[in-house]
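In what follows, a structure is listed as structure tokens, so that the remarks can point back to it.
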Amino acid sequence: MKTTKTLEFPDATGCGAAYLENDADERGELVTLNVGPSHPATHGVLRLKLVVDGEEIVSCDPVIGYLHRGMEKIAENCHYNQFVTYTDRMDYLAPMSNNIAYACAVEKLLGWELPERGQAIRVLCSELSRISSCFLGTGVYAMDTGAMTVFLYAFEEKERVHNLYEKICGARFTSSYTRIGGMTRDLPKGIEKEILDFCDSALKTVDEMERLLLHNKIFIDRLVGVGVIPREMALQCGMTGNNLRASGVERDLRKTNPYLGYENYEFDIPVAKEGDCYARFQVRMEEIRQSVRIIRQVIKNMPGGPIWVQLDKGILPPKQDAMTGMEELIRQFMVSTQCVNAPEGQVYFAAENPKGELGFFLDSKGGGIANRLKMRSPSYCTLSILPHLLPGHLVSDIGAILGSFDFVQGECDR
């Protein structure tokens, strides 16, 4: 059964901005203004080509592609495991979530299902990534609107997640922890207590951030009633994740299309109906609390057993076996150079990532390399709403609106 948590918001009367479009005869001289691609408020190499009438935005043309690296074509020229490292560089604020979503898509093509412990570890890593991404997103957003202290609080919690990453897989940022059919290694002993301690710290920090911001008049005036996205517009523009739920649409793939055993965990879907910048900020803060809830359940009910799909082919053998047995050594060589022998077919898998729905479409002609790979990037779809949303707002609202989307250009441009 789906559960939601509806958030409460202050009255928008007298707060935020509500602009009326001027008639053509009343307009002054129109000026073309470029915001970005090198600008702190654009959160990456995004260029906004604006036409402004004084301080009011008349039209907006977002220009993307400055960070384009041709990842989809690269995926068609390396085997499935080799491409895991490239997924780190998409949403580089939540690399493990990308790894896991991609691996799940390939495993769907292969017809593999992870053992329960392998699924639980992936859920744990995904929710840690969600917390890290949401902390950074809300902290930077607070700095966009003039609250430097909150950014420092949030960044400290993000660093704690990276410390946990380092102990789990040896890397802090581009982790590449996932493999097709499992994870590179099991959780280290004693990490569970450290994760639970982090959960306690994260909740205290969220409460402190809300005390600093949610009753601050400057923060409220800049967010409430600004960048309002009606439910219908959000759906038509393909928005997903927190940005969609802030407009009143109760859609979370972990609930509607559960994967990795998410149906076994109790958590709420934060939903708001206002659809403004304040609503998106509130939903993202509540996401942290719900992820902590899931992590605690994962730790409490962590099953034993293997973390890899139990197959002889397509899976790396234990290192000790590869060093002492000829058959295992040959198998390691084959998996490392050719990966798996996938069947022919087409699959699509989507995961609920911190930025929204991250989807992978795979077309296979057999073998260990995809014939075609296409990505459904949530940040790309989010930015498509800007030409419809920004006109009528002031130039000073751009930072508040863009920051409320919590997008990342590495994933948008790919």
Side-chain angles (χ1 to χ4, degrees), residues 71-72 74-76 78-88 90-91 94-127 129 168-169 175-187 253-254 256-265 298 302-303 305-318 331-332 334-353 357-377:
M71 284 192 176
E72 294 174 338
I74 291 174
E76 299 165 10
C78 59
H79 69 61
Y80 292 112
N81 266 328
Q82 288 176 329
F83 189 66
V84 170
T85 59
Y86 288 93
T87 60
D88 284 329
M90 294 171 52
D91 180 1
M96 284 202 186
S97 296
N98 306 332
N99 295 166
I100 291 168
Y102 168 69
C104 286
V106 179
E107 289 158 5
K108 183 177 180 180
L109 173 66
L110 296 167
W112 291 359
E113 183 175 355
L114 260 66
E116 291 184 356
R117 183 172 179 84
Q119 293 187 16
I121 292 175
R122 285 190 176 182
V123 170
L124 178 66
C125 293
S126 296
E127 297 308 314
S129 291
I168 290 173
C169 67
S175 56
S176 301
Y177 180 42
T178 309
R179 294 293 183 271
I180 308 304
M183 316 297 280
T184 57
R185 67 192 74 175
D186 207 336
L187 295 175
L253 295 179
R254 296 171 297 172
T256 58
N257 301 89
Y259 55 96
L260 295 177
Y262 268 109
E263 64 274 14
N264 301 321
Y265 303 106
V298 173
M302 177 66 75
I307 64 171
W308 284 85
V309 174
Q310 297 302 287
L311 295 171
D312 291 334
K313 295 183 178 181
I315 302 296
L316 286 170
R331 177 174 146 201
Q332 170 151 323
M334 297 298 291
V335 173
S336 299
T337 58
Q338 300 181 19
C339 196
V340 296
N341 186 18
E344 294 186 14
Q346 295 180 341
V347 297
Y348 176 78
F349 177 84
E352 186 68 32
N353 269 29
E357 179 182 330
L358 174 63
F360 289 92
F361 170 79
L362 287 169
D363 175 73
S364 171
K365 299 298 183 183
I369 300 176
N371 179 55
R372 289 288 184 271
L373 183 142
K374 297 296 180 184
M375 304 176 191
R376 194 271 179 202
S377 167

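For the single chain, residues carry numbers from 1 onward in sequence order.
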So Phe361 and Arg376, side-chain contact (heavy atoms from CB on, under 4.5 Å) or not? Walk me through it.
CA-CA 8 Å; Phe361 170 79; Arg376 194 271 179 202; over 6 Å; no

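- Under the rule for a salt bridge (charged side-chain N to carboxylate O under 4.0 Å, His left out), Lys365 has no partner lying at least two apart in sequence or in another chain.
- For Arg372, the salt bridge (charged side-chain N to carboxylate O under 4.0 Å, His left out) test picks out Glu76, with sequence neighbours left out.
- From Asp363, atom CG reaches atom CG of Leu109 across 9.0 Å, with rounding to the nearest 0.5 Å.
- Annotation for Asn353 and Ser97: closest pair ND2-CB, 3.6 Å, computed over non-hydrogen atoms.
- Taking each heavy atom of Leu253 and Glu357 in turn, the nearest pair found is CD1-CG, 3.5 Å.
- The 12-atom threshold is not exceeded at OH of Tyr86, counting heavy atoms of other residues, nucleotides or ligands nearer than 6.0 Å.
- In this structure, the separation between CE on Met183 and CE on Met96 is 6.5 Å, given to the nearest 0.5 Å.
- Applying the salt bridge (charged side-chain N to carboxylate O under 4.0 Å, His left out) test to Arg117 and every residue at least two apart in sequence or in another chain returns Asp186.
- Atoms OG1 and OH, on Thr178 and Tyr102 in that order, are 11.5 Å from each other to the nearest 0.5 Å.
- For the pair Pro115 and Trp308, the tightest heavy-atom approach, listed with the atom from each and the gap, is CG-O, 3.0 Å.
- Listed by first and then second residue, the salt bridge (Lys or Arg N to Asp or Glu O under 4.0 Å) pairs involving residues 105-115 are Glu107-Arg122 (not counting sequence neighbours).
- Scanning for side-chain hydrogen bond (donor to acceptor under 3.5 Å, both in side chains) contacts around Ser176 gives Asp88, with sequence neighbours left out.
- Here the side chain of Glu72 pairs a donor or acceptor atom with the backbone of Met375 at under 3.5 angstrom.
- Of all non-hydrogen atoms in Leu187 and Met302, the two that sit nearest each other are CD1-CE, 3.8 Å.
- In this structure, the separation between SG on Cys125 and CD1 on Ile168 is 5.0 Å, given to the nearest 0.5 Å.
- Annotation: salt bridge (charged side-chain N to carboxylate O under 4.0 Å, His left out) contacts of Glu344 (sequence neighbours excluded): none.
- Closest of all the heavy-atom pairs between Phe83 and Met71 is CE1-O, 3.4 Å.
- Not a single side-chain hydrogen bond (donor to acceptor under 3.5 Å, both in side chains) links Asn341 to another residue, sequence neighbours left out.
- Scored by the ring-ring contact (aromatic ring centres under 6.0 Å, His included) test, Tyr259 finds Tyr262, Phe349 as partners (sequence neighbours excluded).
- Listed by chain and residue number, Tyr165 satisfy the side-chain hydrogen bond (donor to acceptor under 3.5 Å, both in side chains) test with Ser129 (two or more places apart in sequence, or in another chain).
- Shown here for Leu260 and Ile100, the closest heavy-atom pair between the two residues is CD1-CG2, 3.7 Å.
- A donor-acceptor pair is defined here as one N or O able to donate and one able to accept, closer than 3.5 Å; such a pair exists between the side chain of Asn81 and the backbone of Ile180.
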Please report the C-alpha distance between Val340 and Leu110 in whole Å, then the side-chain angles of each, then the deciding distance to 0.1 Å, and finally whether the side-chain contact (heavy atoms from CB on, under 4.5 Å) criterion is met.
CA-CA 9 Å; Val340 296; Leu110 296 167; 3.9 Å; yes

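- For Ile369, the side-chain contact (heavy atoms from CB on, under 4.5 Å) criterion is met by His79, not counting sequence neighbours.
- Under the ring-ring contact (aromatic ring centres under 6.0 Å, His included) criterion, Tyr177 pairs with no residue at all, not counting sequence neighbours.
- For Gln82, there are no side-chain hydrogen bond (donor to acceptor under 3.5 Å, both in side chains) partners, not counting sequence neighbours.
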